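Written below as structure tokens is the structure these notes are about.
Side-chain atoms are counted along with the backbone in the values below, which use heavy atoms only and exclude waters and symmetry mates. Just so it is clear, the structure is predicted and the values come from calculations on it, not from any experiment.
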Number of protein chains: 2
Amino acid sequence: MYDELKYWYLRDHKLFWTLSMSQIKQLCIITGFKKANKGDIIYFSSSDLPRIFLLKKGNIKIVSIDEEGNETIKEILQKGDLFGELSLEADDSVNEYAKVLTDEVSICSFLLSDFEDLLVRNPTLALSYTKFVGLKMKRFKNNYSNLVSKDAKTRLSSFLKDWAEREGIQDGKKYTINNYLTQADIAQIICTSRQTATLLLNELEEKNIIYYNRKEIIIDDIEKL
Amino acid sequence: MYDELKYWYLRDHKLFWTLSMSQIKQLCIITGFKKANKGDIIYFSSSDLPRIFLLKKGNIKIVSIDEEGNETIKEILQKGDLFGELSLEADDSVNEYAKVLTDEVSICSFLLSDFEDLLVRNPTLALSYTKFVGLKMKRFKNNYSNLVSKDAKTRLSSFLKDWAEREGIQDGKKYTINNYLTQADIAQIICTSRQTATLLLNELEEKNIIYYNRKEIIIDDIEKL
DNA sequence: CGCCAAATGTAAACTACCCGACATTTCATT
DNA sequence: AATGAAATGTCGGGTAGTTTACATTTGGCG
């Protein structure tokens with residue numbers, strides 16, 4: 001039924017370019033498929049069997065909760081991103097879930113064990129996958145240093161730049177971002193309070209550097225950020 | 001000459017357990033070997049050819065410098081740890097170097113390209129390596145959340161606990177750590193100023209929770225931390 | 001031993017940011 | 001159009017932590 005669909009979903013992901021059709025089919029057989037709507041919560045960390053998920057459409061945020069109940073946004077994911085047990089090791093100690101940010105998302109998933117089998121049988125894929133995980137780590141390290149050495153204003157600017165470059169529609173130096181985040185979300189991402197984020201966003205707007213509303217964010221000249 | 005030595009150095013690392021003797025020899029042929037002393041700086045990010053390093057003895061810190069000249073300690077490494085281009089991708093954008101903390105360290109290294117060859121030929125090793133990188137990422141994520149939601153005092157306590165458990169000599173609830181870090185180092189690790197670190201350390205000492213001097217740190221009861 | 005640089009200790013001024021408390025706006029739903 | 005909940009805006013008080021600035025201690029080394 002959906003097999004053809006799933007096939008293409010995996011097929012067009014960079015990571016799987018090296019795989020033959022039959023190898024992808026092998027993974028596809030065990031692929032789960034799921035749709036969800038804005039606001040839905042997808043639990044994955046303590047799910048029955050450890051899985052790897054692939055976000056095919058839409059945006060989600062990965063949120064974790066610590067012992068004291070503090071919510072932290074770990075990542076914002078877009079189309080094509082992988083999440084779940086990326087380190088290939090089930091881990092109960094982290095309490096994470098995904099929350100849907102856009103109107104409609106579609107997600108497919110496969111069992112960790114099946115993915116491992118595939119990796120063992122495809123060394124080139126294994127290598128690409130390792131590089132992929134390594135890249136993710138680098139991005140984390142980078143955020144980390146930003147948090148340490150930059151103030152909230154600078155972190156907001158880098159975040160907006162980053163977001164624009166990853167997802168915005170470019171027109172010269174002008175970028176238009178489809179805004180699916182609330183100011184509270186942005187605040188959590190740049191690790192500050194909601195109030196400070198509001199303040200800084202309005203400040204940027206007063207200086208005519210950005211134009212902000214709930215639907216979109218327009219950056220007139222990205223170099224001014 | 002050193003071949004036998006190098007062989008064992010790799011052989012006793014968990015990561016290489018799955019390799020046959022001949023496979024290790026293959027990697028060993030191209031292994032570099034190096035000794036260095038306290039205070040020495042080892043550049044590796046922009047070295048001629050990208051390499052992976054294995055710290056065989058002693059401790060080093062990985063430090064990075066950003067555009068403004070801010071130094072940040074990225075990691076403290078102990079015996080057995082790997083560093084260098086772990087993500088298997090050369091990257092000029094990061095400006096990192098290693099600084100030797102203990103009296104004497106020994107390091108061996110091999111070329112990234114040779115390591116990649118080995119990974120492609122040994123899928124099981126590739127899988128272990130991916131898990132290893134994944135684990136490292138998890139540790140980073142964890143530090144990150146600590147930084148976001150905990151205050152300096154708590155971060156110091158977690159750091160000391162962690163350090164004691166990794167390297168300390170245990171005697172019931174008592175731990176003795178060989179202290180090769182200055183208070184300035186500790187401050188950077190827990191992301192605070194040198195003065196605050198001093199203050200907090202002395203506070204812990206006044207409460208008889210730790211005993212601190214330049215040579216060692218003694219934690220009477222790790223549960224009290 | 002005596003010198004010097006690095007490490008540690010201490011204090012006061014300052015500040016970016018958090019937190020609580022509210023008002024206002026926006027939007028979906030009936 | 002009315003209602004309520006979520007999102008946004010705004011203000012001030014409180015504070016953890018930085019910064020500057022200097023004193024004191026320690027240990028390595030000629």
Side-chain angles (χ1 to χ4, degrees), chain A residues 37-41 61 68-73 99-104 146-159 178-207 210-217, chain B residues 37-41 61 63 68-73 99-104 146-157 159 178-207 210-217:
Chain A
N37 297 310
K38 194 168 187 167
D40 288 356
I41 288 178
K61 60 178 176 182
E68 285 123 49
N70 296 315
E71 270 203 1
T72 338
I73 293 191
K99 190 163 184 187
V100 179
L101 295 171
T102 44
D103 280 346
E104 202 185 72
N146 272 345
L147 190 53
V148 171
S149 56
K150 310 278 197 290
D151 63 3
K153 188 187 276 185
T154 316
R155 293 198 308 266
L156 176 61
S157 289
S158 343
F159 167 69
N178 173 264
N179 180 20
Y180 49 80
L181 296 173
T182 66
Q183 297 190 356
D185 284 331
I186 295 176
Q188 278 192 66
I189 293 168
I190 63 170
C191 296
T192 188
S193 64
R194 205 260 313 155
Q195 292 92 323
T196 306
T198 303
L199 197 78
L200 294 172
L201 281 170
N202 290 340
E203 206 176 293
L204 285 176
E205 190 149 27
E206 261 164 43
K207 290 187 192 158
I210 67 167
Y211 170 75
Y212 178 99
N213 71 30
R214 294 189 186 188
K215 287 270 160 59
E216 57 181 13
I217 300 175
Chain B
N37 298 309
K38 193 167 185 166
D40 288 357
I41 288 178
K61 59 177 176 184
V63 182
E68 286 124 47
N70 296 315
E71 270 203 359
T72 337
I73 292 191
K99 191 163 185 188
V100 178
L101 296 171
T102 45
D103 282 344
E104 203 185 69
N146 272 344
L147 191 52
V148 170
S149 56
K150 309 278 196 293
D151 64 3
K153 187 187 275 186
T154 317
R155 293 199 306 268
L156 176 60
S157 289
F159 167 69
N178 172 263
N179 181 21
Y180 49 81
L181 297 173
T182 65
Q183 296 190 357
D185 284 330
I186 295 176
Q188 279 191 63
I189 294 168
I190 63 171
C191 296
T192 187
S193 65
R194 206 259 314 155
Q195 292 88 325
T196 306
T198 302
L199 198 78
L200 293 173
L201 282 169
N202 291 339
E203 207 175 293
L204 286 176
E205 191 150 25
E206 262 165 43
K207 290 188 194 158
I210 66 167
Y211 169 76
Y212 179 97
N213 72 31
R214 292 187 189 189
K215 287 270 160 58
E216 56 180 15
I217 301 175

Legend entry - Candidate pair A:Glu216 and A:Asn213, rule side chain to side chain contact (heavy atoms under 4.5 Å, CB included), full reasoning: CA-CA 6 Å; A:Glu216 57 181 13; A:Asn213 71 30; 4.0 Å; yes
Quiz item: When you check the side-chain N and O atoms of B:Thr154 and B:Ser157, is any donor under 3.5 Å from an acceptor?
Solution: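 No, because no side-chain N or O of B:Thr154 sits under 3.5 Å from a partner of the opposite role on B:Ser157.
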Please report, rounded to the nearest Å, how far the [atom2] atom of [N] is from the [atom1] atom of [X].
{"X": "B:Lys153", "N": "D:dA16", "atom1": "NZ", "atom2": "P", "value": "9 Å"}
{"X": "A:Arg214", "N": "C:dA28", "atom1": "CZ", "atom2": "P", "value": "9 Å"}
{"X": "B:Leu199", "N": "D:dT15", "atom1": "CG", "atom2": "C1'", "value": "14 Å"}
{"X": "A:Leu101", "N": "D:dA7", "atom1": "CG", "atom2": "P", "value": "11 Å"}
{"X": "B:Ile217", "N": "C:dA7", "atom1": "CD1", "atom2": "C1'", "value": "14 Å"}
{"X": "B:Lys215", "N": "C:dA6", "atom1": "NZ", "atom2": "P", "value": "18 Å"}
{"X": "B:Glu203", "N": "C:dG9", "atom1": "CD", "atom2": "C1'", "value": "14 Å"}
{"X": "B:Asn213", "N": "C:dG9", "atom1": "CG", "atom2": "P", "value": "10 Å"}

Can you pull out the residues from residues 179-195 of chain B that lie within a 4.0 Å heavy-atom distance of DNA chain C?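 DNA chain C contact set from residues 179-195 of chain B: B:Thr182, B:Gln183, B:Arg194, B:Gln195.
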Atom CD of A:Gln188 and atom NZ of A:Lys61: how far apart are they, to the nearest 0.5 Å?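 So the gap between those two atoms works out to 6.0 Å.
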Any chance you could measure A:Thr196, atom OG1, to A:Asp151, atom CG, to the nearest 0.5 Å?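 So the OG1 of A:Thr196 and the CG of A:Asp151 are separated by 11.0 Å.
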Please determine whether a side-chain nitrogen of the Lys or Arg among A:Lys153 and A:Glu203 lies less than 4.0 Å from a carboxylate oxygen of the Asp or Glu.
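Looking at A:Glu203 together with A:Lys153, the answer is yes, because their closest N to O distance falls below 4.0 Å.
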Next item on the list: Kindly say if A:Asn202 contacts the phosphate of D:dT8, meaning a side-chain N or O under 4.0 Å from OP1 or OP2.
Entry: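 So the side-chain polar atoms of A:Asn202 never come under 4.0 Å of the phosphate oxygens OP1 or OP2 of D:dT8.
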### Query
Which angle, rounded to 10°, do you find between the first-five-pair axis and the last-five-pair axis of the helix from C:dC1-D:dG30 to C:dT30-D:dA1?
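Comparing the axis at each end, I get an angle of 40°.
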So which heavy atom on A:Tyr212 is nearest to which on A:Leu201, and how close?
->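 Heavy-atom minimum between the residues: CE1-CD1, 4.0 Å.
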Side chain of B:Thr198 - closest among C:dT8, D:dT8, C:dC17: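 For the B:Thr198 side chain, the nearest candidate turns out to be C:dT8.
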Query raised in the report: Which nucleotide, D:dG17, C:dT8, C:dT26, lies nearest any side-chain atom of B:Thr196?
Result: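 The nucleotide sitting nearest to the side chain is D:dG17.
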* Could you please spell out the steps behind the side chain to side chain contact (heavy atoms under 4.5 Å, CB included) verdict for B:Thr102 and B:Lys38? => CA-CA 5 Å; B:Thr102 45; B:Lys38 193 167 185 166; over 6 Å; no
*A:Arg155 side chain to A:Lys150 main-chain N or O, any donor-acceptor pair under 3.5 Å?*
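Flag set: sc A:Arg155 to bb A:Lys150 pair under 3.5 Å.
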TODO: Could you tell me which residues satisfy side-chain hydrogen bond (donor to acceptor under 3.5 Å, both in side chains) with A:Thr182, sequence neighbours excluded, listed by chain and number?
DONE: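 side-chain hydrogen bond (donor to acceptor under 3.5 Å, both in side chains) check on A:Thr182 returns A:Asp185.
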